[in-house]
Amino acid sequence: MKTLVLALGLAVCAAIPASASDYAFRLHNRADGYTINGFYTYQNGQWSDNWLSGRIRPGEAVDMDWFSNEGDCVVPFRVSWDNYGADDFKIDWCKGVDNIYMKDKGFSWD
């Protein structure tokens, strides 16, 4: 994506605004006992700053939005966890990603 601008609805139950873009999604922490402390995207040969301003505990979720639907469809992302480290993933954002579910091993999306 040419420019990634991401706004977080830090309230766990916040709804995605009506003006959201095609790349709006909800990040869910479905891992047992692990708290997400970072979400990063890879662009122009480097990892972004952390998009999260807080932590996502097990069972919680936050709304995220690029506020754009331009650029590459497949953008790698990295999720980091308290007391664990980080894992890197890829997803095709052009396929209509509404939710990303981070699990004990890997992730799923719909």
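Counting begins at 1 with the first residue of the sequence. Predicted model only: the values in this text are computed from it and were never measured. Side chains are part of it too, since the values below use all heavy atoms of this structure and drop only hydrogens, waters and symmetry mates.
V75 and Y101 sit in two unconnected hydrophobic clusters of ILVMFWY residues. Membership requires side-chain heavy atoms under 4.5 Å apart, directly or through other members. A continuous path of hydrophobic side-chain contacts links I91 to I36 [ILVMFWY only; heavy atoms under 4.5 Å].
Legend: residues meeting ring pair (Phe, Tyr, Trp, His ring centres under 6.0 Å) with F89, ordered by chain and number and at least two apart, are F77, F107. The side chain to side chain donor-acceptor pair (under 3.5 Å) check on N83 picks up nothing, with sequence neighbours excluded. Residues passing the side chain to side chain donor-acceptor pair (under 3.5 Å) test with T35, sequence neighbours excluded: none. Every side chain to side chain contact (heavy atoms under 4.5 Å, CB included) that K95 has, sequence neighbours left out, goes to D92, W109.
Annotation: side chain of W47 is in contact with side chain of P76 (closest heavy-atom distance under 4.5 Å).
What you find for A31 and P58 is that their closest heavy atoms are O-CB, 3.3 Å. The nearest pair of heavy atoms linking A24 to D65 is CB-OD2, 3.4 Å. Across Y40 and S48, no two heavy atoms sit closer than the pair CD2-O, 3.2 Å.
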- Task: Before giving the answer on side-chain contact (heavy atoms from CB on, under 4.5 Å), spell out for D72 and W93 the whole-Å C-alpha distance, their side-chain angles and the decisive distance to 0.1 Å.
- Result: CA-CA 8 Å; D72 294 336; W93 298 97; over 6 Å; no
- Message: Quick one, D98 with F25, criterion side-chain contact (heavy atoms from CB on, under 4.5 Å). Give me CA distance, side-chain angles, the key distance, then yes/no.
- Response: CA-CA 5 Å; D98 292 321; F25 65 99; 5.9 Å; no
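How far OG1 of T41 is from CE of M64: 9.0 Å, rounded to the nearest 0.5 Å. Between the CD1 atom in I100 and the NE2 atom in H28 there is a gap of 9.0 Å [rounded to 0.5 Å].
The salt bridge (Lys or Arg N to Asp or Glu O under 4.0 Å) contacts involving residues 78-89 comprise R55-D82, R78-D88, where partners must be two or more places apart or lie in separate chains. Legend: salt bridge (Lys or Arg N to Asp or Glu O under 4.0 Å) pairs involving residues 33-49, not counting sequence neighbours: none detected.
Side chain of N29 to backbone of Y34: a donor-acceptor contact under 3.5 angstrom is found. For the pair N50 (side chain) and N37 (backbone), a donor-acceptor distance under 3.5 Å is present.
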